[in-house]
Engineer: 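Before I ask anything, here is the structure I am working with.
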Amino acid sequence: MASGLCLSHSLLHTRGPLRRWCCSSLAFASRPSANAFLGARYGNHNTLSVLRRSVVSCSASSLSTAASAGVAAEGVSRNVVEVLEERGLIESVTSEELKATCMKQRLKVYCGFDPTAESLHLGNLLGIIVLSWFQRCGHIPVALIGGATGRIGDPSGKSKERPALDDDTLVRNVNGIRKILSNILKGNSDEDEKVVVLNNYDWLKEISLLDFLKDVGKYARVGTMMAKESVKARLNSEDGMSYTEFTYQLLQGYDFVHLFREEGISVQIGGSDQWGNITAGTDLVRRLLQQEGAYGLTFPLLLKSDGTKFGKSESGAIWLAPSSLSPYNFYQHLFATPDADVIKFMKRLTFVDIKEIEALEASMKQPGYAPNSVQKRLAEEVTRFVHGEQGLTEALKATQALAPGAAAALDSQTLEAIAQDVPSCSISYSVVGKPLVDVSVSTGLLQSKAAVRRLIKQGGLYLNNVKVEDEGKTMVAEDIIDDKIFLLSAGKKNRLVVRVTR
Ligand SMILES: Nc1ncnc2c1ncn2[C@@H]1O[C@H](COP(=O)(O)OP(=O)(O)OP(=O)(O)O)[C@@H](O)[C@H]1O
Ligand SMILES: N[C@@H](Cc1ccc(O)cc1)C(=O)O
């Protein structure tokens with residue numbers, strides 16, 4: 001049974017579907033012409049001009065006219081393809097027709113994530129954001145977790161075969177990712193809007209090897225499979241590629257067939273590295289189901305300033321799960337975005353109106369611009385989207401409390417949150433009445449009492465963000481916030497959260 005969070009209609013996956021390929025109950029408002037499926041790769045930053053040059057079945061101007069003439073399908077508020085173009089969120093689409101189709105009908109759109117870690121990361125967030133844009137424009141987003149494909153390993157963008165994950169790890173990762181997807185998508189949609197999270201293990205586990213080879217493999221051309229970037233790159237490498245990984249594109253392709261037929265999902269999105277897998281899906285729908293109307297859309301990968309991609313395999317992933325990276329640290333990473341990238345990230349990672357982003361861009365060039373103001377806005381918007389209002393409040397409180405020279409009043413909740421990001425230790429309540437000099441050494445903040453005294457003289461020791469002036473200070477009950485915790489700081493950067501046990 002499908003593990004959809006709130007699945008509106010159940011998946012019909014008996015062994016039957018493999019025999020029901022040619023009869024789909026889906027009704028599509030438009031049937032694209034065959035040459036519309038030649039596909040159009042968008043230039044990275046020049047999407048509109050490429051689009052105009054290669055329009056096949058309808059011109060860009062006729063689309064805008066159609067939209068402004070108010071012929072949009074009920075529930076569809078804006079042209080999502082235009083919105084995504086405007087924000088630099090389209091790398092390629094399989095057909096120009098999508099731009100017209102997305103105004104004529106409410107589309108179901110999916111993005112898949114393999115469970116290769118317990119959390120998703122900032123790069124994966126783009127898929128969630130694009131899903132969310134579809135939703136904001138009136139379409140229906142579906143997130144998919146690759147419980148089955150995660151066992152095979154996507155070779156896209158990988159120079160080496162991925163190590164196989166054991167079952168326990170896979171289950172843990174699937175659960176972790178499901179939680180993130182549900183939280184973010186649910187938190188950012190209307191209360192009564194259902195969020196669907198599927199797991200491809202639910203249908204792929206049903207299919208026998210013989211059925212798969214006979215019924216799916218027959219429709220796949222080896223030459224086309226070999227020509228995919230993910231395969232070509234690996235075939236030229238020393239280790240080559242296993243048959244297992246070679247079949248990955250077919251599994252993802254079959255997912256699209258299944259979702260198109262059983263769930264009425266007609267659009268698959270993914271990062272640009274997913275182009276080969278996505279087109280494997282649109283091809284299979286055409287060959288196997290003999291149906292037109294399946295679209296693929298990719299977005300550019302989010303890159304760091306050094307040109308490497310934000311990813312889970314790269315060092316220092318910016319995780320979305322609060323258990324892997326606190327909202328405070330998440331916020332700080334975004335706050336540290338270089339000026340050169342901040343406007344691009346505002347467009348791709350937030351839902352702030354494009355006009356407002358342009359105004360922010362102009363403000364950065366003004367003489368009175370307060371440095372990092374746009375970074376602050378970026379960090380706030382993205383943290384709110386990922387961690388909710390409460391996560392943002394936690395991040396802002398911790399930021400205030402940990403800012404050099406902070407005078408923020410502390411509470412135990414903030415300190416507990418900070419304890420995820422700075423060293424912490426526990427001490428017994430008998431600390432009350434002890435000299436602070438001794439406590440600073442016994443907690444490991446500083447090496448010796450002499451060092452503590454020297455620091456106090458220099459004005460560098462802080463207790464709960466308040467400068468300690470008196471070398472003879474002893475701890476009193478009021479120093480222990482909410483009777484449980486306090487913060488010691490040596491200078492502005494060296495912090496220690498101390499939990500007090502009774
Ligand atoms: N930096 C990125 N920018 C945009 N999209 C990304 C980025 N990294 C991953 N994605 C997209 O997220 C989806 C899930 O990707 P995937 O699970 O392979 O993540 P990954 O970080 O690339 O994993 P791994 O590092 O294990 O390959 C895909 O659509 C992929 O294109
Ligand atoms: N191949 C995708 C995940 C995915 C899996 C199955 C799908 O149907 C779609 C996408 C990735 O690794 O990022």
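As the structure lists them, so they are numbered: ligands from 1, and atoms in each ligand from 1.
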Engineer: Ignoring angles and geometry beyond distance, decide whether Q268 reaches within less than 3.5 Å of ligand 2 through its nitrogen or oxygen atoms.
Structural biologist: no
Engineer: Using a 4.0 Å cut-off to any heavy atom of G270, which atoms of ligand 1 qualify?
Structural biologist: 29 (O)
Engineer: Check whether S272 reaches the backbone of T298 with its side chain - one donor and one acceptor, N or O, closer than 3.5 Å.
Structural biologist: no
Engineer: Below 4.0 angstrom from a heavy atom of F310, which ligand 1 atoms are there? Numbered from 1 as shown, please.
Structural biologist: 1 (N), 2 (C), 7 (C), 8 (N)
Engineer: Just to check, does G112 reach to within less than 4.0 Å of ligand 2 when the distance is taken from its heavy atoms?
Structural biologist: yes
Engineer: Which of the numbered atoms in ligand 1 are under 4.0 angstrom from any heavy atom belonging to Q274?
Structural biologist: 28 (C), 29 (O), 31 (O)
Engineer: Is the positively charged end of R151 above the ring of Y201, judged by distance under 6.0 angstrom from the centroid and angle within 45° of the axis?
Structural biologist: yes
Engineer: Apply the side-chain hydrogen bond (donor to acceptor under 3.5 Å, both in side chains) test between D154 and each candidate in R162, Q274, Q249; give the one that qualifies.
Structural biologist: Q274
Engineer: So, do H387 and F330 have ring centers that fall under 6.0 Å from each other?
Structural biologist: yes
Engineer: Could you work out, for atom 12 (O) of ligand 1, the closest of N124, I269, T149 by heavy-atom distance?
Structural biologist: N124
Engineer: Is the backbone of A280 close enough, under 3.5 Å, to the side chain of D283 for a donor and an acceptor to pair up by distance?
Structural biologist: no
Engineer: Would you check the N or O atoms of N200, main chain and side chain alike, for any that come under 3.5 Å of an N or O of ligand 2?
Structural biologist: no
Engineer: Provide the closest heavy-atom pair for I318 versus F310 in the form atom of the first, atom of the second, distance.
Structural biologist: CD1-CE2, 3.6 Å
Engineer: Classify the contact between T116 and ligand 1 as side chain, backbone, both or neither, using a heavy-atom distance cut-off of under 4.0 Å.
Structural biologist: side chain
Engineer: Got a donor-acceptor contact below 3.5 angstrom from the D114 side chain to the T116 backbone?
Structural biologist: no
Engineer: So, for H139 and L107, which heavy atoms are closest and what is the spacing to 0.1 Å?
Structural biologist: ND1-N, 2.8 Å
Engineer: Can a side-chain donor-acceptor contact be found between T101 and Y295 if the only test is distance below 3.5 angstrom?
Structural biologist: yes
Engineer: Check ligand 1 against F299 and write out every atom of the ligand that is under 4.0 Å from a heavy-atom position of the residue.
Structural biologist: 4 (C), 5 (N)
Engineer: Below 4.0 Å from ligand 1: does a non-hydrogen atom of D273 turn up there or not?
Structural biologist: yes
Engineer: Hey, does D255 come in under 3.5 Å of ligand 2, counting only N/O atoms on both sides?
Structural biologist: yes
Engineer: Mind checking whether D114 contacts ligand 2 via backbone (N, CA, C, O), side chain (CB onward), both or neither, at a 4.0 Å heavy-atom cut-off?
Structural biologist: both
Engineer: Should the pair R136 and F351 be classed as cation-pi, given the thresholds of under 6.0 Å to the six-membered ring centre and 45° from the axis?
Structural biologist: yes
Engineer: With heavy-atom distances below 4.0 Å as the criterion, list the atoms of ligand 2 near Y248.
Structural biologist: 1 (N), 2 (C), 3 (C), 4 (C), 5 (C), 12 (O)
Engineer: I need the atoms of ligand 1 closer than 4.0 Å to a non-hydrogen atom of H121, numbered in the order shown.
Structural biologist: 8 (N), 9 (C), 19 (O), 20 (P), 21 (O)
Engineer: Quick one: which ligand 2 atoms are inside 4.0 Å of a heavy atom on D154?
Structural biologist: 1 (N), 2 (C), 11 (C), 12 (O)
Engineer: Quick one: does any side-chain atom of N200 pair with a main-chain N or O of A148 as donor and acceptor, under 3.5 Å?
Structural biologist: yes
Engineer: Classify the angle between the aromatic ring planes of F260 and F256 as parallel (below 30°), tilted (30 to 60°) or perpendicular (above 60°).
Structural biologist: perpendicular
Engineer: Which atom names give the shortest non-hydrogen contact between L349 and I129, and what distance separates them?
Structural biologist: O-CD1, 3.3 Å
Engineer: Mark up the atoms of ligand 2 that fall under 4.0 Å of a heavy atom belonging to Q274, in ascending order.
Structural biologist: 1 (N), 2 (C), 11 (C), 12 (O), 13 (O)
Engineer: Of all the heavy atoms in F256, does at least one lie under 4.0 Å from an atom in ligand 2?
Structural biologist: no
Engineer: Are the ring centres of W203 and Y254 closer than 6.0 Å?
Structural biologist: no
Engineer: Within ligand 2, which atoms have a heavy atom of L144 less than 4.0 Å away?
Structural biologist: 6 (C), 7 (C), 8 (O)
Engineer: Would C111 count as being in polar contact with ligand 1, using the rule that some N or O on each side must be under 3.5 angstrom apart?
Structural biologist: no
Engineer: Under 4.0 Å from a heavy atom of T149: give me the atoms of ligand 2 that qualify, with their elements.
Structural biologist: 5 (C), 6 (C)
Engineer: So if I count the atoms of ligand 1 from 1 in the order they appear, which ones are less than 4.0 Å from some heavy atom of D114?
Structural biologist: 17 (O)
Engineer: Could an N or O of ligand 1 be found under 3.5 Å from any N or O of L302, whether backbone or side chain?
Structural biologist: yes
Engineer: Counting heavy atoms only, which of K158, Q268, R162, R348 comes nearest to atom 18 (O) of ligand 1?
Structural biologist: R162
